[in-house]
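Small disclaimer: the values here were computed from a predicted structure and weren't measured.
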Amino acid sequence: MSGDPIIHPVLLVIDMTAEAKRAAEIQGIPGQEIDEEIGTIYKLIMQELR
């Protein structure tokens, strides 16, 4: 990524969920467990952006 601000809501959500996943993995939460919740996180964020 170039470091430019993300302005498209869908791209913003993808970036935010990827960042949340990285942070959770650093805390020792297994990737599989995180992947199960990514869909829920995505839906919640998209609802708030509307």
Side-chain angles (χ1 to χ4, degrees):
M1 192 165 260
S2 66
D4 293 332
I6 298 172
I7 56 173
H8 193 281
V10 173
L11 296 178
L12 178 62
V13 169
I14 291 168
D15 187 61
M16 291 172 71
T17 54
E19 192 172 316
K21 182 176 178 176
R22 282 190 298 271
E25 287 175 333
I26 289 171
Q27 296 298 315
I29 300 171
Q32 181 179 5
E33 187 174 326
I34 297 164
D35 290 338
E36 292 171 1
E37 299 300 326
I38 289 294
T40 302
I41 293 168
Y42 177 81
K43 288 177 187 175
L44 288 171
I45 294 171
M46 288 303 292
Q47 287 174 355
E48 293 300 317
L49 288 174
R50 291 183 184 175

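Scored by the side-chain contact (heavy atoms from CB on, under 4.5 Å) test, Gln47 finds Leu44 as partners (sequence neighbours excluded). Under the side-chain contact (heavy atoms from CB on, under 4.5 Å) criterion, Ala23 pairs with no residue at all, not counting sequence neighbours. With sequence neighbours left out, the side-chain contact (heavy atoms from CB on, under 4.5 Å) criterion links Gln32 to Glu36.
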